[in-house]
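Quick caveat, the model's predicted, so the values are computed rather than measured.
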Amino acid sequence: MSNKVTIHRLSTGVPGLDAILGGGLPEFSFNLITGPPGSGKTTLAHQIMFALATREKPALFFTMLGEPPLKMLRYQQQFSFFDLDKINDSIRFVNLSDDVATGNLDQVQMHITQEVETFSPALVFVDSFRSVIRDTLQQQEGAISLQLFIQQLGVLLSGWQATTFLIGEYLSENGSHPILTVADGLLSLEQNVYRNSMVRKIQILKMRGQATRPGLHAFRINKEGIEVFPAANARGGIGAEQLSSVAPHGQKRLAMGVPRLDEMLGGGLPSGYSLLVAGPSGSGKTILATAFLAEGVHRGEPGVIVAFEQTPSQSWVHTLYSMISAGQIGLINSRSPDLSIDEIVQHLTSLIQKMKATRVVIDSLSGFELAIAPTFREDFRESLFRMVAVLSGLGVTVLMTSELEDRYIDLRFSPYGSAFLTDAIIVQRYIEVESCLQRVMAVVKVRASVHSTEIRRFEITEDGIIIGDPVTDYEGILGGQPTRTKASRTEDGGNRDEQEGTQ
Amino acid sequence: MENTATTITTNSESHRESIRSTLILRTVEVSDASAVAEATVSTWLQMSSLLTPVIGARGVDVIFRRSLYLTATSFPWLVVIWDQGSNAALLASLKLCLVGHSADEAIEAGYTLLVTFTELLSTLIGESLSRSILSPVWALQASVSEQETQS
């Protein structure tokens, strides 16, 4: 047995926050919550407080000159986590504005000490600390210096075995503030306005003694409070653990629900693979995706669809809707202006786990890119890469559709370079034959598997996709202007001669 | 919807009643206006001491002054000198006003002031929270009435 101290980690009650903190908040730690006005500091503090405070482990919330307590209580009550029954028993609000107004930090400290001794809190919050700093800067005559005050407060509160939070704005004002070195944890909130969308992000700049998840993580404030969407991390908890429990790729094959397509894929789509279906508008990508999900439902394999496409009312769309309303297929259809890929991944992951889904459809990547907030678009490829990795880690089979501009000068599968991310690719195209548009489909890639290389015609009927025979009578199809093959010309010519001869 | 509204009205009426009975119980001699004034001020001081730690002295002050102003619309004789900034002077002035009238009038004015204050607070921080903070004031009333029943 190790004699090292074991740090108990508190669960913050903020969805997603424990994950980025590296497993929760260390007990008795001295933390700072920083950020500009309106970034959600007080809300975060309140949410943590209401989640953690109990009669046995009560919380003290000191308010200073910052937000008037009347207003804070009025507005924070709007969140569902604000539990009135906890007030006074488990949570006490103490207003220090009168002490702060004197500009004497000794007095502020005495008041805090007195309250802490009386109430013996397990959690202490001080909101907002910036006002203290500003006041002492104005009144240099304070009996003790601010740094000493903070240090003494830190020692006092850890001595009283209280997990402490100081809430303030200081980070943006002065990065090298003495408080920052005293703190064990540093949670920085920010809000970015880019184009016409506003996105909130949280970053754990410091958390002593544990590995946090680095980087900026999007979060949202709604009626339930704050929800953090940890940036998808394939190597971390989600991916690595899951991978070992998932059967190696390619052992089982999934039926696509389109006759003859399984045969083209070399016996179906290997389980756990990600498939990209690329094609121009109207080529039948969504129909293929719907067939894939319907086949899953038919075989008792639940699915989830992330839909960003506006779909017309057709019979196969009804099939999709009826599967969704019957609860056989989960639907994610988010349209909020501050959407991030990580938020979708979080919802998707929980829905997959809830429904025990094995098939996932993302329709389409083009719609997805338009749906997310402009600020995240720059990182679209990276986020997509992480998303595919997370989904692959979950062991699900993914079908993504991608709008493809129908160009005939080059052969492209996706505008995001996402082709390399996927294990399999099906490409759909239009070709012009005798002044008519026809659809063709080909399997371009199935990783580590034999597959058909034929280009086949297909039709979309009320019953779905009907794949025809290989296009053997034309060549140059991918150039968009196919010409008849020599063999077919000869054959046809022979037929014509025969027909003419009989007449 | 109608039911909810009725419940709220009934609730606030019963709460008003408890404020009235607290005030009467605290008044040593009901027929004496100065006793009423004393009870009003002491009840108010207890409320203030419970609220100040939570919303700060300034917050309490603002609501109290507003309640005085609103109460004075129904009791025009309640002319309290409030521009001095000192709470002690304000309370002394309130006492003087109440003492100068009949006990019944004083009770009515004191009661209206306390009710206005609690209701104003409720509109700001919600009924449940304000009641939970101020419950010791009315709890005292309950324990006093219990004692009276026992004796």
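- By the ring pair (Phe, Tyr, Trp, His ring centres under 6.0 Å) test, A:F61 is found to be paired with A:H46, A:F93, A:F125, residues two or more places apart in sequence or in another chain being considered.
- Residues passing the ring pair (Phe, Tyr, Trp, His ring centres under 6.0 Å) test with A:F28, sequence neighbours excluded: none.
- Between the CG atom in A:L70 and the CG atom in B:L51 there is a gap of 8.5 Å [rounded to 0.5 Å].
- Between A:R92 and B:P53 the shortest heavy-atom distance is NH2-CB, 4.5 Å.
- In this structure, the separation between CG on A:L84 and CG on B:L129 is 5.5 Å, given to the nearest 0.5 Å.
- With chain A as partner, the option from B:V54, B:L121, B:I63 having the largest number of non-hydrogen pairs under 4.5 angstrom is B:V54.
- Smallest separation of non-hydrogen atoms from A:P69 and B:G56: CG-N, 4.3 Å.
- Rounding to the nearest 0.5 Å gives a distance of 10.5 Å between CG of A:D83 and OG of B:S128.
- Atom CD1 of B:I55 sits about 8.0 Å away from atom CG of A:L73, to the nearest 0.5 Å.
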